[in-house]
Amino acid sequence: MTSTLNDIDFADMGRTCLGHAARRTANLLTRHYNRHMAALGLELTQAQLLAVIADGTAPSASAIARYLGIDRSTLARNLRPLEAAGLIRRRETKGRTVLPILTPAGEQKVVEIHQRWLAAQAELSAMLGPEGADAVRSHMSALRKAVHILEDNDRTAVPSPSRRD
């Protein structure tokens with residue numbers, strides 16, 4: 001157990017922290033893809049959002065947010081500029097559900113996004129090789145699964161606020 005600030009090896013924390021490594025890697029990857037998307041006037045988050053909308057399989061905005069790993073308020077903030085740019089519009093579905101859909105301009109933008117994404121992806125894949133790229137995806141998937149399990153364990157271990165024991 002650490003008893004003072006002087007007992008903490010901060011360099012070791014930086015070297016071994018999975019969260020730090022993931023964040024640094026995510027920031028670098030985002031910059032790489034952003035360089036490719038910049039010519040389209042988009043950032044990676046917007047490009048990913050348009051691609052998920054184009055896929056058309058998400059039944060709700062909540063499902064889109066879950067797929068992207070963001071909360072609903074972040075999704076709403078990211079949808080506003082895309083709607084203002086005329087790339088998406090809102091379509092009411094059953095009940096109170098509102099689903100973003102692509103406009104014709106949005107459909108064309110997604111085609112352009114795909115071309116840029118292919119170039120960005122090819123650059124990284126060439127550097128890693130097929131086995132390296134597969135290994136990275138596999139390890140990231142394992143890391144996500146581990147965190148999901150820990151989150152689920154935390155949820156089941158903490159009593160619900162509505163339950164009084």
Side-chain angles (χ1 to χ4, degrees), residues 10-11 13-148 150-151:
F10 292 104
M13 283 178 67
R15 273 191 312 277
T16 61
C17 179
L18 294 171
H20 179 66
R23 181 162 303 280
R24 288 181 64 202
T25 303
N27 289 339
L28 283 169
L29 283 169
T30 299
R31 284 200 311 261
H32 171 73
Y33 284 95
N34 279 348
R35 280 193 303 274
H36 286 270
M37 298 299 157
L40 303 176
L42 297 172
E43 291 189 347
L44 178 60
T45 53
Q46 295 167 316
Q48 289 173 322
L49 179 51
L50 286 169
V52 171
I53 294 168
D55 176 60
T57 59
S60 66
S62 293
I64 292 171
R66 261 192 314 279
Y67 179 80
L68 292 173
I70 59 177
D71 59 42
R72 290 269 324 241
S73 63
T74 301
L75 176 64
R77 265 194 320 277
N78 284 310
L79 287 172
R80 277 191 217 92
L82 298 175
E83 191 170 21
L87 300 174
I88 64 166
R89 66 178 176 81
R90 297 168 194 256
R91 184 184 81 209
E92 292 192 27
T93 60
K94 59 187 170 198
R96 298 181 329 180
T97 304
V98 177
L99 193 62
I101 61 169
L102 296 178
T103 64
E107 290 175 7
Q108 179 56 43
K109 187 66 80 170
V110 171
V111 170
E112 295 169 6
I113 287 167
H114 185 251
Q115 293 165 347
R116 299 286 175 160
W117 175 82
L118 285 171
Q121 190 75 358
E123 287 177 358
L124 286 173
S125 295
M127 296 293 290
L128 295 171
E131 297 84 15
D134 286 344
V136 168
R137 281 188 286 275
S138 176
H139 284 99
M140 287 191 300
S141 176
L143 185 58
R144 285 190 306 273
K145 285 177 186 173
V147 173
H148 283 303
L150 293 171
E151 286 177 338

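Side chains are part of it too, since the values below use all heavy atoms of this structure and drop only hydrogens, waters and symmetry mates. These numbers were taken from a predicted model, which means no experiment stands behind them.
- A distance of 4.5 Å separates CG in L50 from CG in L82, rounded to the nearest 0.5 Å.
- The line from CD1 of I53 to CG of L99 is 8.0 Å long, rounded to the nearest 0.5 Å.
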Exercise for review: Evaluate the side-chain contact (heavy atoms from CB on, under 4.5 Å) criterion for residues Q121 and Y33: first the C-alpha distance (whole Å), next the side-chain angles of each, then the deciding distance (0.1 Å), finally the verdict.
Suggested key: CA-CA 8 Å; Q121 190 75 358; Y33 284 95; 2.3 Å; yes
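- For S138 (side chain) and D134 (main-chain N/O), no donor-acceptor pair under 3.5 Å exists by modelled atom type.
- For the pair Q46 (side chain) and E43 (backbone), a donor-acceptor distance under 3.5 Å is present.
- For the atom pair CG of L87 and CZ of R89, the computed distance is 13.5 Å after rounding to the nearest 0.5 Å.
- Between N78 and P81 the shortest heavy-atom distance is O-CD, 3.5 Å.
- Distance check, rounded to the nearest 0.5 Å: CG of N34 to OG1 of T45 gives 7.0 Å.
- Side-chain contact between M140 and V136: present, with at least one pair of heavy atoms (C-beta onward) separated by less than 4.5 Å.
- Looking only at atom types and distance, the side chain of T30 has no donor-acceptor partner in the side chain of N27 under 3.5 Å away.
- The two atoms that bring V110 and A54 nearest to each other are CG1-CB, 3.9 Å, heavy atoms only.
- Proximity of W117 to M37: side-chain heavy atoms (C-beta onward) are separated by under 4.5 Å at one or more points.
- For the atom pair CZ (R66) and OG (S60), the distance works out to 5.5 Å, reported to the nearest 0.5 Å.
- Under the 3.5 Å distance criterion, the side-chain polar atoms of H139 are matched with a main-chain donor or acceptor of A135.
- The distance from the CZ atom of R31 to the NE2 atom of H36 is 13.5 Å, given to the nearest 0.5 Å.
- Looking at heavy atoms from C-beta onward, L42 lies in side-chain contact with K109 at the 4.5 angstrom threshold.
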